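Everything below concerns the one structure shown next.
Quick caveat: nothing in here was measured; it's all calculated off a predicted structure.
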2 protein chains.
Amino acid sequence: MGDRVTIQEVAAAAGVSASSVSNLLNGRTGKMVPATRERIERAIADLGYRPNRAARQLRSGRTQTLGLVVPSVGNPFWGAFAREVEVAALELGCNVLLCNSERDAARERRYVEELWEDGIRSIILCTSLPSLDHVADVIEDGLRLVTFDRPAQPNDPASVISISIDNNVGGQIATSHLLGLGHDKIAFVSGSIRSVNRAARYRGYCDAIEAAGMSVTDMPSWTGFGAEQFGDVEAAQVGRAAAHALLAPDADRPTAIVAVNDMTALGFCRGARDMGLVVGEDVSVIGFDGIILAELYDPPLTSVRQPIGEMARLAVGEAVQAGARSDGAGRSVLLRPEIVVRESTRPPHSTATSRADVPTGGSR
Amino acid sequence: MGDRVTIQEVAAAAGVSASSVSNLLNGRTGKMVPATRERIERAIADLGYRPNRAARQLRSGRTQTLGLVVPSVGNPFWGAFAREVEVAALELGCNVLLCNSERDAARERRYVEELWEDGIRSIILCTSLPSLDHVADVIEDGLRLVTFDRPAQPNDPASVISISIDNNVGGQIATSHLLGLGHDKIAFVSGSIRSVNRAARYRGYCDAIEAAGMSVTDMPSWTGFGAEQFGDVEAAQVGRAAAHALLAPDADRPTAIVAVNDMTALGFCRGARDMGLVVGEDVSVIGFDGIILAELYDPPLTSVRQPIGEMARLAVGEAVQAGARSDGAGRSVLLRPEIVVRESTRPPHSTATSRADVPTGGSR
DNA sequence: TTGAAAGCGGTACCAA
DNA sequence: TTGGTACCGCTTTCAA
């Protein structure tokens with residue numbers, strides 16, 4: 001550490017010019033005499049030189065920093081994803097600048113612009129807004145944008161890359177699982193489904209219901225929180241409120257529910273408990289995402305898992321290889337989610353004895 | 001957005017020099033004629049000018065970015081804290097650069113150095129290592145370091161500021177709560193307690209036990225994972241493993257446990273379930289931190305809450321007011337934690353009926 | 001194959 | 001009270 005060593009000092013120590021040092025630093029070693037190269041490398045090592053990023057960026061306009069905008073790291077899913085992104089970025093020598101949008105378009109826009117102004121040219125944006133209009137001009141200016149958890153939309157700018165699971169398929173998998181267990185009163189529980197991925201999950205749910213020869217309109221439903229009152233962290237509250245409404249004694253009670261994500265599912269479980277019901281017995285619950293807490297919960301929560309490690313790696317790769325691929329053409333990668341069956345989903349009207357009497361052993 | 005507007009263009013538009021614009025930008029408006037000031041402000045607004053941080057930093061050596069090093073945003077507690085820090089920083093016009101140390105001294109050092117090299121002069125370091133030697137030279141160079149979740153230690157460099165709850169008191173509060181309920185076989189469950197705060201919590205536990213006229217050596221204990229095999233995210237696994245060992249049929253079973261944090265507590269609950277036991281009935285569990293999931297869990301988890309919002313605000317304030325306070329003297333702020341009693345802690349050998357029969361209603 | 005010199009966009013000092 | 005000017009550390013022509 002200590003006082004900064006500059007490129008000039010390195011050049012002096014190696015008996016070359018700053019230009020040569022710079023060339024080496026930037027991999028332009030094609031025409032460099034090995035001896036020169038070695039002298040420079042030795043000088044760099046000896047002096048413990050590390051380039052000043054501000055200067056480098058000021059001059060070149062480039063950064064080694066990746067922007068990551070998530071709805072909220074307070075939500076375990078996004079926290080886990082952010083961590084995976086950081087790991088992947090680190091492997092590629094990038095830093096990550098993390099921002100929380102709270103799923104607010106204005107904040108998303110503000111952050112994206114701010115990052116751009118800071119010289120950051122690659123951003124992973126975890127948004128699920130149907131339109132990217134709010135960041136269109138930055139994209140036009142040349143921002144490399146990778147959206148996550150939001151499949152490509154018809155009107156997206158051409159250069160946008162999207163990484164997502166196939167939420168429609170996920171919704172179907174979840175619902176089919178419940179149908180397969182024999183449930184026939186299945187509700188879908190979510191906050192606002194204005195977001196693309198949520199809508200897709202809901203559509204998957206509908207598709208599976210219809211495919212089974214039933215009608216979605218016959219299913220119990222809950223619309224207490226159609227608007228966006230709740231941020232991501234409050235998802236649990238949505239689930240809890242839904243449980244209170246759907247499981248009321250006088251309600252048309254579902255025997256199972258598909259929650260739009262795990263936090264909502266966990267909230268629903270909590271709400272079911274408030275109502276004196278036992279999840280997995282009185283009502284089955286399946287969530288989405290596959291957060292660690294799902295496995296920890298009592299009962300362990302069945303969930304449609306997103307392979308976040310793989311997805312993070314993909315997203316970072318696309319975001320960083322900015323100039324590498326000259327086509328600049330966007331693309332959409334849709335990964336297949338997989339269900340992890342645990343104990344929160346069982347056949348309806350289970351005849352099993354109360355779980356207080358029966359040790360069920362570990363899951364998986 | 002669009003192409004960058006420079007300070008020169010603003011100056012030209014306002015009919016002044018770049019120096020004056022710079023002065024305004026940096027709050028040196030003391031001797032500025034109001035009319036001049038207004039012209040500049042108008043030009044800035046009209047042109048949508050925003051200063052280039054790289055240039056600014058290169059010249060001044062300062063940054064508006066705050067470094068935040070947490071063990072892992074994959075852990076809900078740290079995710080929530082990071083979010084609070086970001087909110088607080090934003091209010092002060094700062095960005096936050098987030099890094100995950102995985103509680104590894106080498107990674108902590110690497111990140112701190114890297115941030116410093118990037119021109120970041122203020123870092124909130126969530127470490128709990130007994131010594132700060134691994135970052136001592138950066139501190140010496142002038143880094144403004146605020147440690148979080150780690151009370152000040154005798155050998156800390158003088159300038160270090162620390163924000164933490166009083167973990168010793170927290171440990172006592174937790175343990176006294178259980179003692180007050182009538183428990184007399186109370187185990188402390190933790191991964192490695194090499195970290196300062198964990199050690200303090202453990203000491204609080206011991207103090208409370210001794211104060212009650214009992215002996216810690218008489219308490220059931222578990223030392224399966226003394227080493228640091230587990231990162232923060234794996235805390236739950238520690239808890240689960242502990243449950244498997246402590247609650248084995250042939251073991252000297254505790255009637256209650258104090259977990260070093262909520263994730264460990266949740267893991268323990270999961271483990272208790274594996275063993276066919278019911279938390280709150282067969283065994284009481286209290287955690288630490290007060291993460292959202294604690295309230296959501298079944299049964300809702302009693303926990304010693306850390307006021308992370310307030311703490312984040314404090315930490316950011318201290319980190320940002322770098323030069324403001326000229327004394328440069330360190331300080332240690334110890335906040336008092338408070339217990340949130342929920343349903344995972346009850347008197348031992350409870351005679352209450354199985355909770356499957358009794359709706360317990362909401363908590364709190 | 002290497003080097004010299006001109007900036008990138010601000011800030012800070014000093015002069016006016 | 002404002003403006004001129006050097007310069008932060010690096011990259012990037014362009015010339016040698």
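Distance, B:R50 CZ to C:dG10 P: 12 Å, rounded to whole Å. Atom CG in B:N52 sits about 18 Å away from atom P in C:dG7, given to the nearest Å. With rounding to whole Å, B:N23 atom CG is found 10 Å from D:dT1 atom C1'. One can place CD of B:Q57 at 12 Å from P of D:dC10, the figure rounded to the nearest angstrom. Between B:L47 atom CG and C:dG10 atom P the separation is 12 Å, expressed in whole Å. B:R59 places its CZ atom 11 Å from the C1' atom of D:dG9, with the value rounded to the nearest Å. The CD1-C1' distance, from A:I40 to C:dT2, rounds to 9 Å in whole Å.
Comparing D:dT12, C:dT11, D:dT5 by their closest approach to the side chain of A:S22 singles out D:dT12. Closest to the side chain of B:L58, out of C:dA12, C:dG9, D:dT2, is C:dG9. Closest to the side chain of B:Q8, out of C:dG10, D:dG4, D:dC10, is C:dG10. Of the listed nucleotides (C:dA4, C:dT2, C:dT11), C:dT2 has the atom at the smallest distance from the side chain of A:S20. The side chain of B:S60 lies closest to C:dT11 when the candidates are C:dT11, D:dG4, D:dT1. In the set D:dG3, D:dC7, D:dT11, the nucleotide with an atom closest to the side chain of B:S17 is D:dG3.
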* Could you check A:E38 against A:R42 for salt bridge (charged side-chain N to carboxylate O under 4.0 Å, His left out), going step by step and ending with a plain yes or no? => CA-CA 6 Å; A:E38 277 165 28; A:R42 162 174 304 278; over 6 Å; no
* So A:R109 and A:D137, salt bridge (charged side-chain N to carboxylate O under 4.0 Å, His left out) or not? Walk me through it. -> CA-CA 10 Å; A:R109 178 192 168 87; A:D137 44 0; 3.7 Å; yes
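For the side chain to side chain donor-acceptor pair (under 3.5 Å) test with A:R313, the passing option among A:E91, A:E84, A:E318 is A:E91; the others fail.
Nearest-nucleotide positions on DNA chain C for B:S19 and B:A55 put B:A55 closer to the 5' end.
Between the side chain of A:E102 and the backbone N or O of A:N100, no donor-acceptor pair lies under 3.5 Å. In terms of modelled atom types and a separation under 3.5 Å, the side chain of A:N75 and the main chain of A:S72 share no donor-acceptor contact.
Between A:R56 and D:dT11 there is a side-chain polar atom (N or O) within less than 4.0 angstrom of OP1 or OP2.
Across all strands, B:V16 comes closer than 4.0 Å only to sugar-phosphate atoms, never to a base (heavy-atom distances).
Side chains of A:S101 and A:R107: a donor-acceptor N/O pair is absent below 3.5 angstrom, by distance only. Remark: the A:R103 side chain and the A:T127 side chain contain no N/O donor-acceptor pair separated by less than 3.5 Å.
Contacts between residues 24-32 of chain B and DNA chain C, defined by a heavy-atom separation below 4.0 Å, involve B:N26, B:R28, listed by number.
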